[in-house]
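Report on the structure given below.
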Amino acid sequence: MSSTLIKGAFILTLGSVLSKILGLLYVIPFNMLLGGEGVGLYAYAYIPYTIFMSIATAGIPLAVSKVISKYNALGQYSVSQRIFKSSFKIMIITGVLAFLAMFSAAPFLAEFGSYGNKGFSSEDLTTVIRAVSFALILVPAMSIIRGFFQGHEDMRPTAVSQVVEQIVRIIFLLSGAFVVLKIFGGKLVTAVSVATFAAAIGAIGSTIVLLIYLNKQMPYLKQLAAKDQNKAGTSMAEIQREIFFSSIPFVVVGIAMPLFQFIDNLTFSRAMASIGLDDIVKSAFGILNFNTQKLVVIPMTLATAFSMALIPAVTSSYASGNMEKFRRELDRAFQIVLFITIPAVIGISILAGPIYTVFYGHNPLGTEILAIYAPAAILFAVFSISAAVLQGINMQKMTVLSLSMGLLTKLILNIPLIKIFETAGAVYATTLGYLIACLLNLFFIYYSTEYRYTVVLKRSLLILNP
């Protein structure tokens, strides 16, 4: 890989990791301020928001990055700038449409979480879902600007804007909830609504940063357009079709975890109420899909951040027919994932009690869920890497198939397992669903490239038996 690629991957990784760390640390005061019920209400609203955001952007920012990089390499700089402008307009429209759709669908989505006399009320859920939906107006357009910079191999604006977005969001989230609850003595649902609306405020902060970078780059961009090597017109409709089809694998990977969580949104309250546990459904949902999930994704985030830097080398070696290098780079990518995640999840499972207590206070249910949820991080990481590899070898359709089978497994097993194992049943269903998706991805890689996992399996055993 070139030094520019390595530097860019490092900057992007650093920004992503810092953003995740900030997103983890704020949960300590957030949990103390809102309590288990407030956290559960917050989590319930944020899951559909993530899905609507993925639909609104449809993976297009990353696809735009890829296509802009392609036309820049061909010396067609004015084409890449036309792509940015047209995609920016499209994202503004899809952002507004996604906002209207989520705002209108809020009462319908709320009905699933209000099952049971002691669960969340439909009115409260509708309020918080609508509060977070406002962020959809801005986030897609903001993401396109990030994709534009990444297409020019400039990762700094994306990394800086991610960190600024998180800082602004957290400050508004905590201060807003504090003012509502402690100063004005307001209702919990109002405080949670302010906390979810913080996503829109964070997006505003990020957009301002990106626009500053864009303004500084404008003279340079004009110079590039002036020396365009292809003055002939290029069909923008054809390019947009290319972007659309390139975006599909990106959205599949990005939407995977929210879709698994959304199944809990649809079924968790109903299943818990059916076994007489509707009195704890509020706090249990927050523990399941917010508190423990925040901790479980840490090793997955670190592993994929480092290993994803190797994916371009994997793709290029496969495209050039250098299968020996392809296997070697793929071995390295999988080994990084397992080297980071396996020890991490073992540590989290063993120390689940102290870890959960440090972040959220002592809670037996939280400790139990964290201990059994942690191993799923290995599957989360393997799915992300294997899906990226399938995209690199032009087998992205298989990722859609594997994810669909995983989601079907989760949907079929979620209610029965919750009835048997209570809250832990939702974790088991998620783990089994991801296991199916990962096994299918790995099989498709083997089927398409004849790549064998012998080295990875041997090294995994060495990690488990040092």
Side-chain angles (χ1 to χ4, degrees), residues 1-14 16-17 62 66 249-250 252-253 256 296-348 374-399 401-403 406 431 434-466:
M1 291 184 292
S2 67
S3 60
T4 303
L5 178 61
I6 295 174
K7 181 181 178 181
F10 174 77
I11 292 173
L12 203 57
T13 297
L14 181 62
S16 178
V17 170
L62 289 173
K66 180 179 176 182
F250 292 117
V252 168
V253 175
V296 167
V297 298
I298 296 174
M300 181 271 285
T301 301
L302 293 174
T304 53
F306 286 111
S307 58
M308 278 294 188
L310 298 173
I311 295 302
V314 172
T315 302
S316 62
S317 58
Y318 178 81
S320 63
N322 189 344
M323 298 309 293
E324 181 179 349
K325 183 181 178 183
F326 169 79
R327 295 185 182 96
R328 185 168 63 251
E329 295 293 350
L330 198 51
D331 281 340
R332 290 174 60 194
F334 280 124
Q335 285 177 68
I336 289 174
V337 167
L338 298 175
F339 181 77
I340 294 175
T341 55
I342 290 177
V345 302
I346 291 174
I348 292 174
I378 300 173
L379 298 174
F380 297 159
V382 170
F383 178 81
S384 296
I385 296 299
S386 59
V389 173
L390 286 172
Q391 179 193 342
I393 62 176
N394 295 319
M395 292 286 289
Q396 47 263 47
K397 292 181 180 179
M398 297 300 100
T399 306
L401 175 60
S402 63
L403 176 60
T431 302
Y434 261 97
L435 178 62
I436 294 297
C438 288
L439 290 175
L440 286 173
N441 275 358
L442 296 177
F443 171 76
F444 292 139
I445 292 172
Y446 164 77
Y447 179 81
S448 303
T449 67
E450 296 185 356
Y451 168 76
R452 299 185 182 278
Y453 301 92
T454 307
V455 174
V456 175
L457 291 173
K458 288 181 178 178
R459 297 290 169 81
S460 301
L461 292 176
L462 289 175
I463 295 172
L464 292 170
N465 297 284

Determine whether Ser402 and Phe383 satisfy the following criterion, side-chain contact (heavy atoms from CB on, under 4.5 Å), listing intermediate values before the conclusion. CA-CA 10 Å; Ser402 63; Phe383 178 81; 4.1 Å; yes
How are the rings of Tyr318 and Phe326 set relative to one another: parallel (under 30°), tilted (30 to 60°) or perpendicular (over 60°)? tilted
Separation of [Y] [atom2] from [X] [atom1] (nearest 0.5 Å):
X      : Y      : atom1 : atom2 : answer
Leu440 : Thr399 : CG    : OG1   : 10.5 Å
Leu435 : Leu379 : CG    : CG    : 5.5 Å
Ile378 : Cys438 : CD1   : SG    : 10.0 Å
Leu403 : Met398 : CG    : CE    : 13.0 Å
Ile340 : Gln335 : CD1   : CD    : 12.0 Å
Leu457 : Leu338 : CG    : CG    : 9.0 Å

How far apart are the closest heavy atoms of [X] and [Y], and which atoms are they?
X      : Y      : answer
Ala377 : Thr341 : O-CG2, 4.4 Å
Ala381 : Met300 : N-CG, 3.4 Å
Ala387 : Asn441 : N-ND2, 3.8 Å
Ala374 : Val345 : O-CG1, 3.1 Å

Can Tyr451 and Asp331 be counted as having a side-chain donor-acceptor contact under 3.5 angstrom?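 A donor-acceptor contact under 3.5 Å links the two side chains.
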Test item: Ile445 and Leu330 side chains (from C-beta on) under 4.5 Å apart, heavy atoms: yes
Test of understanding: with ring-ring contact (aromatic ring centres under 6.0 Å, His included), list the residues that count as partners of Phe444, not counting sequence neighbours.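 By the ring-ring contact (aromatic ring centres under 6.0 Å, His included) rule, Phe444 matches no residue at all.
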Is the distance between the ring centroids of Tyr446 and Tyr453 under 6.0 Å? no
Check for a donor-acceptor pair, side chain of Glu329 on one end and backbone N or O of Lys325 on the other, with a separation under 3.5 Å.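 Pair absent, no side-chain N/O of Glu329 close to backbone of Lys325.
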